[in-house]
Amino acid sequence: MTRWRIGAALLTAAAALLATGSQATAEPDRHRPVTIAKTPPMGWSSWSSLHGAISEAIIEAQAKVVHDQLKDHGYQYVNIDAGWTAGVDEYGRSTWDTKKFPDGIAAVAKYVHGLGLKFGIYMVPGIPKAAVDANSPIKGTPFHVKDVIDPAQPGNTAADSSGKLDFSKAGAAAYVQSQADLLASWGVDYIKMDFVGPGGGRVATDNRTDTQVWRQALDTTRRPIHLELSNSLSFANAAVWQKNSNGWRIEGDIECYSHCVGLTNWKVRASLRWDDAPKWVPFAGPGHWNDLDSLEIGNGATDGLSADEKQSVMTLWAIESSPLLLGTDLTRLVPEDVKMITNDEVIAVDQAGHPAHPVSQATPQQVWVSDNHNGSYTVALFNLGDTTATVTANWTDLAPHRRLGFVRDVWTHRNLGVALDHFSATLAPHASRLLTVWL
């Protein structure tokens, strides 16, 4: 039996296991050491503010700001999102737009690495339509693209006519490996794999086996490459995403596009995360994190959020240990927003990796709590309503039989002293407080 047929047999078995194990149970892969994403990733992504209007010069300018203003606070990834590709190479693998990136993607990665930062790229599952049309050969094998696809299914949920890889066919895994090897050779440290199904998107498909094969291919390169899945992944398959990736989007896009003014909006975009995050909490931990999407904080009023809403958004991202990937234009940062995104005490809450859960979601006035396992608790108070209201955290909801709590305000770095039984705050609409409480 050839090595291609052996590989196909193994992957067929893997696909069968995935098909029978799709329900969400928090069972992490305890055999793979945590070498990637020990803490939630931090950095910048090009999509929200730039969409496809990207180039070498633009990406490098953003990277320079990360280095100059954000790196010392933990931000390290510079991620190119959609818009970098233009066709495929001789082996059917996505390649760069030479007008936008005349020196190539590897040159941009080298520049980013030279700043002491990490470099990310955007991909989608399947084989690009251009490779299918050309029936490109698969590097290092006797096979061609049409030998390894299932023409009856879409390759991803984007409706982009990508070919669906059939991993029961010899050569399918080799195609993924060839793409992974190419990305590693460019110096890629992070991949956003978009339009993964089951989940959101424009058409339905199943990419569970794709994620497994991609994870194996990336590991085989011996380069530590973060694999992030997008978007609005199926909760029923949370255990699959947890096993095969380093993070996954739990919701649709944070960006408004044409639905409202600004990059995002509280009502139609940001506020949805409070409803959807709690059920995902058990699946987050070192090596794999729940992704609430990019942070639209940095460009003042054009972000589409008020100051209170920005603080609440960053508070939720932090207490949920979500990736902190800025979506704003870093060359147009507003000083007040810079203070927010570089608040080291808030960032430390995110990086501690203790996702919070709500005490109750019966009303818009909510208290979210996480145990820091050192005698302290992180407590967030949110007024998600449209009128001013008081929000109260009761110590018995954190730890039974405890009456005295020493309280610190995380955003302002102020010790507030001892509080008996509870802590209350009157909050404006969509406002929040973030506390550390010792009981």
Side-chain angles (χ1 to χ4, degrees), residues 35-86 89 93-124 179-194 214 218 221-228 230 245-247 289 291 293-295 297-299 323-333 338 341-342 347 350-351:
T35 58
I36 306 170
K38 291 181 180 179
T39 60
M42 298 174 60
W44 173 84
S45 176
S46 66
W47 181 253
S48 296
S49 59
L50 301 176
H51 292 197
I54 54 178
S55 68
E56 275 182 40
I58 289 171
I59 298 301
E60 290 176 2
Q62 301 286 331
K64 186 66 165 55
V65 180
V66 177
H67 171 269
D68 292 349
Q69 298 190 49
L70 303 174
K71 180 174 180 286
D72 288 346
H73 301 278
Y75 294 90
Q76 61 176 334
Y77 285 99
V78 176
N79 294 344
I80 297 177
D81 207 280
W84 68 273
T85 56
D89 68 8
R93 303 171 299 185
S94 294
T95 191
W96 63 84
D97 184 328
T98 57
K99 293 181 179 179
K100 294 180 178 181
F101 300 94
D103 295 320
I105 294 297
V108 181
K110 183 178 180 180
Y111 176 84
V112 170
H113 292 152
L115 297 175
L117 304 172
K118 295 184 178 181
F119 176 74
I121 204 79
Y122 174 97
M123 297 291 292
V124 294
Q179 184 76 76
D181 291 342
L182 182 63
L183 297 176
S185 75
W186 292 348
V188 168
D189 304 298
Y190 181 111
I191 294 171
K192 174 184 173 181
M193 187 68 67
D194 204 2
W214 265 98
L218 294 174
T221 71
R222 301 299 181 185
R223 184 177 183 84
I225 300 177
H226 181 115
L227 180 61
E228 192 81 2
S230 185
S245 73
N246 304 111
W289 305 100
D291 187 346
D293 206 359
S294 55
L295 272 175
I297 303 173
N299 296 153
L324 301 181
L325 294 172
L326 301 169
T328 42
D329 184 346
L330 302 185
T331 66
R332 298 181 179 182
L333 288 176
V338 172
I341 60 179
T342 59
I347 290 171
D350 177 82
Q351 295 294 288

Please determine whether side chain to side chain contact (heavy atoms under 4.5 Å, CB included) holds for the pair Q179 and S94, giving the CA-CA distance in whole Å, both sets of side-chain angles, and the decisive distance to 0.1 Å.
CA-CA 8 Å; Q179 184 76 76; S94 294; 4.2 Å; yes
One pair to check against side chain to side chain contact (heavy atoms under 4.5 Å, CB included): I121 and F119. What are the steps and the verdict?
CA-CA 7 Å; I121 204 79; F119 176 74; 4.0 Å; yes
Between I105 and W84, does the side chain to side chain contact (heavy atoms under 4.5 Å, CB included) criterion hold? Intermediate values first, please.
CA-CA 9 Å; I105 294 297; W84 68 273; 3.9 Å; yes
Give the C-alpha distance, both sets of side-chain angles, the deciding distance and a yes or no for side chain to side chain contact (heavy atoms under 4.5 Å, CB included) between L325 and L295.
CA-CA 6 Å; L325 294 172; L295 272 175; over 6 Å; no
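Minimum interatomic distance between L330 and Q62 (heavy atoms only, all atoms of both residues): N-OE1, 2.8 Å. Here the closest heavy-atom approach between residue D291 and residue P323 is recorded as CA-CD, 3.7 Å. Heavy atoms only, all atoms of each residue included: L324 and Y75 are closest at O-CE2, 3.7 Å.
Proximity of D194 to M123: side-chain heavy atoms (C-beta onward) are nowhere separated by under 4.5 Å. With contacts defined as side-chain heavy-atom distances shorter than 4.5 Å, the pair L218/L227 qualifies. Using a 4.5 Å cut-off on side-chain heavy atoms (C-beta onward), T328 and I341 make no contact. Side-chain atoms of Q69 and L333, non-hydrogen and from C-beta on, do get closer than 4.5 Å to each other. Side chains of W289 and N246 form no contact here, defined as non-hydrogen atoms less than 4.5 Å apart. In this structure the side chain of W47 never reaches within 4.5 angstrom of the side chain of N79, judged on heavy atoms. Using a 4.5 Å heavy-atom threshold, the side chains of Y122 and T85 count as separate. I59 is listed as a side-chain neighbour of F101, based on a closest heavy-atom distance under 4.5 Å.
Between atom OG of residue S49 and atom CG of residue D81 there is a gap of 10.5 Å, rounded to the nearest 0.5 Å. Put simply, CZ on R93 and CG on L182 are 4.5 Å apart, with the number rounded to the nearest 0.5 Å. The OG atom of S230 sits 6.5 Å away from atom CG of D293, with the distance rounded to the nearest 0.5 Å. How far CD1 of I54 is from CG of L50: 7.5 Å, rounded to the nearest 0.5 Å. Here the CD atom belonging to E228 is positioned 7.0 Å from the OG atom belonging to S245, to the nearest 0.5 angstrom. Expressed to the nearest 0.5 Å, how far CH2 of W96 lies from CD1 of I80 amounts to 11.5 Å.
Listed by chain and residue number, T39, P40, M42, I347 satisfy the side-chain contact (heavy atoms from CB on, under 4.5 Å) test with Q351 (two or more places apart in sequence, or in another chain). Among residues two or more places apart in sequence or in another chain, the side-chain contact (heavy atoms from CB on, under 4.5 Å) test is passed with A106 by W186. When the side chain to side chain donor-acceptor pair (under 3.5 Å) test is applied to S45, no partner is found at least two apart in sequence or on another chain. Evaluation of the side chain to side chain donor-acceptor pair (under 3.5 Å) rule for D181 yields Q177 as partners, not counting sequence neighbours. Contacts of Y190 classified as ring-ring contact (aromatic ring centres under 6.0 Å, His included), with partners at least two apart in sequence or in another chain: Y77, H226. Residues passing the side chain to side chain donor-acceptor pair (under 3.5 Å) test with T331 are D329, sequence neighbours excluded. In this structure, H51 has no side chain to side chain donor-acceptor pair (under 3.5 Å) partners at least two apart in sequence or on a different chain. Checked against side-chain contact (heavy atoms from CB on, under 4.5 Å), T95 has no partners two or more places apart in sequence or in another chain. Contacts of S294 classified as side-chain contact (heavy atoms from CB on, under 4.5 Å), with partners at least two apart in sequence or in another chain: S48, I254, E255, E296.
Sorted by first then second residue, the salt bridge (charged side-chain N to carboxylate O under 4.0 Å, His left out) pairs that include residues 97-108, not counting sequence neighbours, number zero. For the salt bridge (charged side-chain N to carboxylate O under 4.0 Å, His left out) condition, the pairs that include at least one residue of residues 51-73, sequence neighbours left out, are K64-D68.
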Donor-acceptor contacts under 3.5 Å from residues 108-116 side chains, at least two apart:
| from | atom 1 | to | atom 2 | distance (Å) |
| --- | --- | --- | --- | --- |
| H113 | ND1 | A109 | O | 3.2 |
| H113 | NE2 | G187 | O | 3.2 |
| H113 | NE2 | D189 | OD2 | 2.7 |

